[in-house]
Amino acid sequence: MSLGGLIAPGFFSNGPVRAALLTGGVVAVVTAVVGIFTVLRRQSFAGHTLGEVGTTGGSAAFLAGVNPLWGFVAIALVAAGAIELVGVRRPRQRDLAAGLVLGAGLGLAALFLYLGSVTSPASGGASTSILFGSIFIIGPSMVSSIVALSAGALALIALCGRRMLLVSLHPDLAASRGVRLRLVGAIYLLALAIAVSLAAETIGAVLATALLVGPPATALRLTRRPGRALVAASLVGVAAVWLGILLSYDSYTWPPAGRTWPVSFFVVALVLVFYLAAQLPVRRLRARPRARARGEV
Amino acid sequence: MSARSVPAALGADVVCALEGVGVTRDGRRVLAGVSFALRAGEVAGLIGANGAGKTTLLKVIVGLLAPDAGTIRRATGGVGYVPQKVLLDADLPLRARDVVGLGVDGQRPGLTLSPTRRRARRAVVDEMLAAVDATAFAEARVGELSGGQQQRILIAQALASRPRLLLLDEPLANLDLRAEQDVVALIGRVAREQGVGVLLSAHDVNPLVSVMDRVVYLAGGRAACGPTAEVVRSEVLSALYGSRVDVVEVGGRIVVVAATTEDAHAHETDQAVASGLAT
Amino acid sequence: MFSGFMLNTWVAATLVAVVAGAVGLFVALRGSSFVAHAVPHGAFGGAAGAALLGWNPVLGLGIFAAGGALSMGWLSRRGRHDVGTALALVTMLGTGALFLSWSNEYASQVYALLFGEVLGVARGELLPIAGVGAASLGVLALVARPLLATSVLADAAPTRGRGARRVETAFLLLVALATTMSVPVVGALLMFSLMVAPGATARLVSDRPGRAAAVSVALALGIVWSAVALSYVLNWPVGFFVGTLGALAYGGGRLLALRRAGAGAPEGG
Ligand SMILES: Nc1ncnc2c1ncn2[C@@H]1O[C@H](COP(=O)(O)OP(=O)(O)OP(=O)(O)O)[C@@H](O)[C@H]1O
Ligand SMILES: [Mg+2]
């Protein structure tokens with residue numbers, strides 16, 4: 001199929017589409033970079049929790065008439081603190097900490113939604129739009145806060161990325177080199193909270209989790225160098241988001257309903273396909289790293 | 001007595017000196033009155049049964065655990081440390097050389113952008129990889145290396161910060177006979193060539209006899225230290241365990257036997273003594 | 001509070017609490033909170049699909065719960081566990097979003113499935129719940145021992161044989177079964193909270209499996225009963241009380257365990 005046939009007319013000249021491509025791309029890069037460490041630290045559940053719990057802050061801020069993004073970030077930070085507080089170093093207990101915080105957070109969300117529907121019955125559908133986001137309604141007012149938060153998250157990762165790699169080898173080994181584990185863990189959770197709330201507010205909690213986990217896990221299979229893993233994860237994430245937006249735009253003419261299919265479906269499906277595709281040739285490529293080892297610089 | 005850890009005031013080439021060190025974990029006394037010193041270029045074996053306190057003692061020297069008695073003095077310049085049972089995830093996005101690179105500056109915040117710095121780091125990494133004979137698999141993903149190869153890389157990583165003291169916790173565990181001999185020879189060579197003092201733990205003296213300058217034998221929560229021939233003797237170990245222990249040589253191998261029972265029970269004696277000490 | 005249709009609520013809540021408490025102990029032992037969240041949460045997509053096709057939503061829910069649980073197992077064997085669970089979850093949710101966009105269902109119905117309202121149980125719903133609940137407990141009784149063994153050993157044994165895999169699959173299907181039974185009635189949030197907090201707390205306060213199971217079920221019952229009563233009085237959502245009380249119970253358990261460790265130390269030293 002030719003490129004012209006794939007891209008429906010008017011795709012690039014459509015304002016909301018261009019805004020969605022831009023924001024989606026930025027968010028995909030930030031979640032991919034933060035997500036590499038999320039996957040290495042086995043904290044997918046914590047990441048997912050922050051996204052869904054941030055929803056609570058989003059709806060609370062919505063009720064209070066504040067920019068929901070800041071509500072998101074605030075609650076995600078509180079939740080990250082709670083996870084750090086409950087969580088002990090063993091991964092199983094971290095999983096548990098995330099579970100408890102998520103249970104309490106969703107309970108709060110239910111309460112806020114209930115109170116919201118009591119005060120203004122119109123906000124009933126808010127829960128689904130927060131869960132699945134709506135990438136096509138990003139207003140220009142949000143762009144500056146999105147840029148600021150993205151830069152913040154990336155700066156935090158730049159600050160402690162190398163130390164986190166050392167920790168991923170072995171915590172005691174890192175501690176013996178003077179790395180302060182709790183400090184590094186806290187900085188990372190801060191970056192995670194920012195990245196996830198950014199993503200959850202702009203593209204929905206579901207896509208936030210998908211982009212946080214899928215592209216990094218794919219990248220870890222494709223490369224064995226830290227820098228390249230960051231680049232590969234970002235590329236996979238951006239590709240999934242952009243292709244997803246394109247397909248969603250195209251799907252306007254598809255059956256059955258005569259309206260577009262949701263972006264979140266396409267992005268999630270693409271993320272899964274990329275992850276599985278990266279797995280397929282693994283067995284055949286297994287022998288290569290060692291053979292290549294001698295050839296390369 | 002207050003526990004202290006001071007870096008200064010050591011003899012010329014002493015890299016680590018312990019005096020009367022005691023450790024309590026979970027309210028239970030694990031070690032008491034441990035004293036010994038280690039010089040640059042020397043290899044010392046830290047020998048003891050499971051649960052004797054080898055890992056505990058190494059962590060105390062590294063500074064991960066605080067002693068509750070005695071003093072620990074370390075030469076300036078940091079320590080290299082390889083913990084016990086490091087299981088690297090197969091999907092870590094790190095080549096062997098990246099791991100060694102983390103040994104150079106992994107603890108520093110921020111990114112290294114200056115080309116001179118990067119070149120300097122690269123030179124150190126190449127040197128360390130050569131020192132542990134790991135150049136051949138330097139580019140391979142570290143999680144996909146064999147246990148022995150990973151052990152070498154971790155040792156290179158620990159040496160990359162050019163410490164004067166190297167602490168290895170059970171570096172011979174999970175190695176076959178051949179790899180064991182290779183790593184032992186490597187450790188002896190590294191100690192001499194790099195001038196570091198090496199303290200490595202093991203549950204058996206035999207593989208280390210060829211490189212060990214001295215032994216630190218842990219039993220019953222206490223330690224005996226000295227040249228192998230002087231420490232691994234019936235009288236010394238019997239006093240340490242608090243019950244009669246025989247040291248016999250069978251076909252060139254040293255075997256430690258609890259007097260009444262068989263070899264395998266030495267460990268139980270050890271634990272009985274330890275718990276006797278605790279109450 | 002105990003009249004007419006509220007009686008149905010009490011019975012349904014009790015049935016759900018017993019099953020969730022029992023399954024929840026193994027969720028805590030295996031460190032599977034993410035699975036306990038993902039299966040009930042993702043299964044709503046099945047209900048949306050069933051509504052689209054004009055089927056009974058419970059059927060769709062069951063298919064999605066079981067299918068999702070099995071794909072979590074399949075993906076987890078091919079990479080990191082949490083990654084596999086996360087990807088299965090988002091796929092289920094994404095598919096659900098697609099089904100929703102196709103159908104003309106009102107979004108509030110999804111809201112009801114996700115957050116649930118136990119205060120509106122019909123008498124006819126009780127029998128199926130009791131049946132599936134009994135089946136879940138039966139399966140649990142069958143696999144409890146091997147489940148316990150692999151849960152405890154999983155940390156020590158990174159390579160796991162076919163037997164362990166079968167046990168893992170049985171566990172995932174158990175979570176799916178419990179989900180199918182309770183989500184249509186009490187909602188995903190309530191089910192998830194009840195599968196996490198009581199088991200985790202029980203594990204803190206007791207080392208013996210039998211006693212821990214009893215504590216877990218008792219806690220689940222206590223939490224759900226208090227939540228229903230509070231919700232009836234204050235008219236706030238049940239899910240809020242279940243989530244909050246669960247977290248409080250766990251906090252209490254931590255304090256108790258700390259106190260006990262503190263009291264135990266002098267004896268040892
Ligand atoms: N985290 C801990 N908390 C409390 N006590 C501990 C802890 N780790 C070890 N101990 C206790 O300290 C003692 C010494 O343990 P240590 O791990 O130092 O032994 P080891 O000689 O390294 O044994 P192994 O050969 O099995 O590695 C043991 O009695 C053990 O029960
Ligand atoms: Mg040890």
Item checked: Neighbour count >12 (heavy atoms, 6.0 Å) for atom CZ, B:Arg117 -> no

Note to self: Other residues, nucleotides and ligands only: do more than 12 of their heavy atoms fall within 6.0 Å of CZ on A:Arg180?
What the structure shows: no

With a 4.5 angstrom heavy-atom cut-off, could you sort out which part of [X] is near chain A: side chain, backbone, both or neither?
X: B:Val62; answer: side chain
X: B:Pro83; answer: side chain
X: B:Gln150; answer: neither
X: B:Leu88; answer: side chain
X: B:Leu64; answer: side chain

Which distance, rounded to the nearest 0.5 Å, do you find between the [atom1] of [X] and the [atom2] of [Y]?
X: B:Gln107; Y: A:Leu166; atom1: CD; atom2: CG; answer: 7.5 Å
X: B:Leu111; Y: A:Ile157; atom1: CG; atom2: CD1; answer: 11.0 Å
X: B:Arg141; Y: A:Thr223; atom1: CZ; atom2: OG1; answer: 7.0 Å

Next item on the list: Name the member of A:Leu222, A:Val179, A:Leu40, A:Leu169 that forms the most heavy-atom pairs with chain B at distances under 4.5 Å.
Entry: A:Leu169

Note to self: Taking every non-hydrogen pair under 4.5 Å, which of A:Val167, A:Leu173, A:Leu159 racks up the most with chain B?
What the structure shows: A:Leu173

Checklist line | Any donor-acceptor N/O pair, A:Arg177 side chain to B:Gly80 backbone, under 3.5 Å | finding: no

Margin query: Donor-acceptor check, side chain of A:Arg224 to backbone of B:Val142, threshold 3.5 angstrom: yes or no?
Written below: no

Partner chain A: residue of [options] with the largest heavy-atom pair count (under 4.5 Å):
options: B:Asp105, B:Leu154, B:Leu167, B:Val99; result: B:Asp105
options: B:Gly143, B:Pro163, B:Gly103, B:Gly101; result: B:Gly103
options: B:Leu94, B:Asp91, B:Val86; result: B:Leu94

Item checked: Derivation and outcome, salt bridge (charged side-chain N to carboxylate O under 4.0 Å, His left out), residues A:Arg225 and B:Asp98 -> CA-CA 8 Å; A:Arg225 302 171 61 157; B:Asp98 296 319; 5.4 Å; no

Notebook entry, point to check: Under a 4.5 Å heavy-atom cut-off, does chain B meet the side chain of A:Ala158, its backbone, both or neither?
Noted result: both

Item checked: Heavy-atom contact with chain B under 4.5 Å, split by part of A:Ser176 -> both

Next item on the list: Considering non-hydrogen atoms only, spot the tightest contact between B:Asp89 and A:Arg42 and give its length.
Entry: OD1-NH2, 2.7 Å

